[in-house]
Colleague: 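Okay, handing you the structure first.
Counting starts at 1 for both ligands and their atoms, following the listed order.
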Amino acid sequence: MQPPERLTVPTCIGCWSMRLLADCESDCAEQKLELVHAAAYDELVQEATEAQALLAALAEAERRLAEAPAELGEPAYLAAQAIARAALRAHPARTAEETADGEPPRVRTAWWCPECGSVEASEECLGICVWQPLQWVNLSVHREFEQQVTGQRERVAQARALLAQLAHTTPRPGHWEESLALIRAQAGALLADG
Ligand SMILES: [Zn+2]
Ligand SMILES: [Zn+2]
């Protein structure tokens, strides 16, 4: 059996013991399994989705600007501006959120049996364990995805800044082409970089 990528494990909300029992004929083989709380992974998924949407909006805006003949600079700019505004409305910048008390620990080390798939991590509970099914993700899967997401963070921030510039700046009359060319060049460079 391969180590699970994502799994639901009954977890005590007091001491964070984990116990997913299966039945091996004899004793379970124990293999270290590092898990991250699925909420942390899902945040990354959300960030990746957002990044994709922002980059796609920038590409679409750039396309509108690129396709416009010189005399249609104004409508092309306004169309690109509408795209930028819609993208920023749909994906507002995040504010840093504090981790609330009582949140599950981000990372847990458990013991996993490759034969039957049982998962265990024992802690001493002060009271009686209260079990709740919690979702966990394999730490190596999380780390790999995290690297991918953080690797493009800088680029996505630049894309967001460029969209904001497009959304909030309306050129003075007679300067449509100039602004259009400038944004196109910046967007083009950023998109080609990926
Ligand atoms: Zn087992
Ligand atoms: Zn407990």
Colleague: Restricting to under 2.8 Å, identify the protein N, O or S atoms around the Zn ion (ligand 2) as residue plus atom.
Modeller: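 Per the 2.8 Å query on the Zn ion (ligand 2), atoms found are C12 SG, C15 SG, C125 SG, C129 SG.
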Colleague: Evaluate the salt bridge (Lys or Arg N to Asp or Glu O under 4.0 Å) criterion for residues R106 and E43: first the C-alpha distance (whole Å), next the side-chain angles of each, then the deciding distance (0.1 Å), finally the verdict.
Modeller: CA-CA 12 Å; R106 220 170 157 273; E43 259 172 46; over 6 Å; no
Colleague: I'd like to know if the side chain of E120 and the backbone of S17 have a donor-acceptor N/O pair within less than 3.5 Å.
Modeller: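 No.
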Colleague: Any salt bridge between E123 and R108, counting N to O under 4.0 Å?
Modeller: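 A salt bridge is present here (some side-chain N lies under 4.0 Å from a carboxylate O).
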Colleague: Taking V141 as the starting point, is it possible to reach F145 by hopping between hydrophobic residues whose side chains are less than 4.5 Å apart?
Modeller: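 Shared cluster, yes.
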Colleague: Do E144 and Q148 meet the criterion of a side-chain donor-acceptor pair at a distance under 3.5 Å?
Modeller: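 Looking only at side-chain atoms, Q148 and E144 do not form any donor-acceptor pair under 3.5 Å.
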Colleague: Protein N/O/S atoms under 2.8 Å of the Zn ion (ligand 1)?
Modeller: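 Checking every protein N, O and S atom gives C24 SG, C28 SG, C113 SG, C116 SG.
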Colleague: For the backbone of L166 and the side chain of T169, can you confirm whether one donor and one acceptor N or O come within less than 3.5 Å of each other?
Modeller: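 A pair under 3.5 Å: no.
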Colleague: Shortest non-hydrogen contact from V119 to A110?
Modeller: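 Distance-wise, the nearest heavy atoms are CG1-CB, 3.7 Å.
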Colleague: Which atoms form the tightest heavy-atom contact between L190 and R155, and what is the distance?
Modeller: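 Minimum heavy-atom separation between L190 and R155: O-NE, 3.3 Å.
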Colleague: May I ask you to decide whether R160 forms a salt bridge with E50, counting only side-chain N to carboxylate O separations under 4.0 Å?
Modeller: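 Result for this pair is yes, salt bridge flagged.
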